[in-house]
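Values reported hereafter were calculated over all heavy atoms of this structure, with side chains retained and with hydrogens, waters and symmetry mates removed. Since the structure is predicted, the reported quantities are computational estimates derived from the model, not experimental observations.
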Amino acid sequence: METSPALSPREQEQQRLLAIVRAWHPSAFPEYRGFRCALCQASINEAWYHWLQTDEYHIPVHLCNERCESLFQAGKTPIDHRSEAPGARPSASNVYPFTQEAISRFREIVGSWPTGAAPELRAFTCDACGGVLVLEPGPDGSQRRQGYHVWWTMEPGITRAEFHFHRACGHALGIYSQEEREQRHGEHQ
């Protein structure tokens, strides 16, 4: 993706990160799963954290150390612009019924995130407690850091945030995957 030379390096970085994120198809429901590189989608246990902070998104964007971080730094990130077509992205409204306690905690978490921080290579952590997410067997049996991936649209604006939680920290906030909610609903009938 080429960027305008009139933009500062920070603005160019934000523009490239925004193009990456606009290519995603986030789930409206929390998912408990491992982590993937934002570009190549390889399973990863640690990543370069880049902070995207625009009117549209306020999130960490994770890039793998093996391949994509160097491509990103060189300004050579392959982006699928078809996903940016009108109507290609899902609605930004909150479908999942978050509790008031969870919404309050989400606001605290977003407020604690760094502004303009330099990229940092680190393991994935829980946004609620700060602890490193645990290694668990993934679908292929290999050990993967896993956690809840939760998308939330900040009210009254349209800014979207993504959080990651340990299973226990997610449950304490009333967060369950769709499968877990169906299982819990079935147990209460």
*How long is the gap from CD1 on Ile20 to NE2 on His50, to the nearest 0.5 Å?*
8.0 Å
*Is there side-chain contact between Gln15 and Leu7, with heavy atoms separated by less than 4.5 Å?*
yes
*asked:* To the nearest 0.5 Å, what is the distance between SG on Cys169 and CZ on Phe163?
replied: 13.5 Å
*Any chain of hydrophobic side-chain contacts (each under 4.5 Å) joining Leu121 to Val132?*
no
*Before giving the answer on side-chain contact (heavy atoms from CB on, under 4.5 Å), spell out for Leu135 and Arg144 the whole-Å C-alpha distance, their side-chain angles and the decisive distance to 0.1 Å.*
CA-CA 5 Å; Leu135 290 167; Arg144 296 286 171 214; 5.7 Å; no
_Heavy atoms from other residues, nucleotides or ligands near CG of Asp55 exceed 12 (cutoff 6.0 Å)_ = no
*Run the numbers on Thr115 and Trp51 for side-chain contact (heavy atoms from CB on, under 4.5 Å), then give the verdict.*
CA-CA 8 Å; Thr115 301; Trp51 292 94; over 6 Å; no
*Establish, from distance only, whether the side-chain atoms of Gln73 and Glu69 form a donor-acceptor pair under 3.5 Å.*
yes
*Considering only heavy atoms from C-beta outward, does the side chain of Pro26 approach that of Arg160 to under 4.5 Å?*
yes
*Measuring from Tyr57:OH to Arg22:CZ, what's the distance to the nearest 0.5 Å?*
7.0 Å
_Ring centroid separation His164 to Phe35 under 6.0 Å_ = yes
*Close side-chain approach of Ser177 and Glu31, heavy atoms under 4.5 Å*: no
*Close side-chain approach of Arg181 to Pro97, heavy-atom, < 4.5 Å*: yes
*Is there side-chain contact between Gln143 and Pro137, with at least one heavy-atom pair below 4.5 Å?*
yes
*Taking the side chain as every heavy atom from C-beta outward, state whether Trp113 and Pro60 have any atom pair closer than 4.5 Å.*
yes
_Tyr148/His171 aromatic ring centres below 6.0 Å_ = yes
_Under 3.5 Å donor-acceptor, Glu11 side chain and Ser8 backbone_ = yes
*asked:* Between Arg167 and Glu180, is there a side-chain heavy-atom distance shorter than 4.5 Å?
replied: yes
*Rounded to the nearest 0.5 Å, what separation is found between the OH atom of Tyr96 and the CD atom of Gln178?*
9.5 Å
*Would you please test Trp24 and Trp151 for side-chain contact (heavy atoms from CB on, under 4.5 Å) and show each step?*
CA-CA 12 Å; Trp24 296 350; Trp151 283 90; 3.7 Å; yes
*Beyond-backbone contact of Leu18 with Leu52, side-chain heavy atoms, under 4.5 angstrom*: yes
*asked:* Using the rule given for side-chain contact (heavy atoms from CB on, under 4.5 Å), can you reason through Leu133 versus Thr125, listing the C-alpha separation, both sets of side-chain angles and the distance that settles it, and then say yes or no?
replied: CA-CA 5 Å; Leu133 292 168; Thr125 57; 5.6 Å; no
*Hey, what do you get for CG (Leu17) to OG1 (Thr54), rounding to the nearest 0.5 Å?*
9.5 Å
*Sequence neighbours left out, what pairs pass side chain to side chain donor-acceptor pair (under 3.5 Å) with at least one residue falling in residues 35-46?*
Arg36-Gln41
_Taking the six-membered ring of Phe72 as reference, does the cationic atom of Arg16 (NZ for Lys, CZ for Arg) lie under 6.0 Å from its centre and within 45° of its axis?_
yes
*How are the rings of Phe124 and His62 set relative to one another: parallel (under 30°), tilted (30 to 60°) or perpendicular (over 60°)?*
perpendicular
_Nearest 0.5 angstrom please: Glu162 CD to Ser27 OG, how far?_
10.0 Å
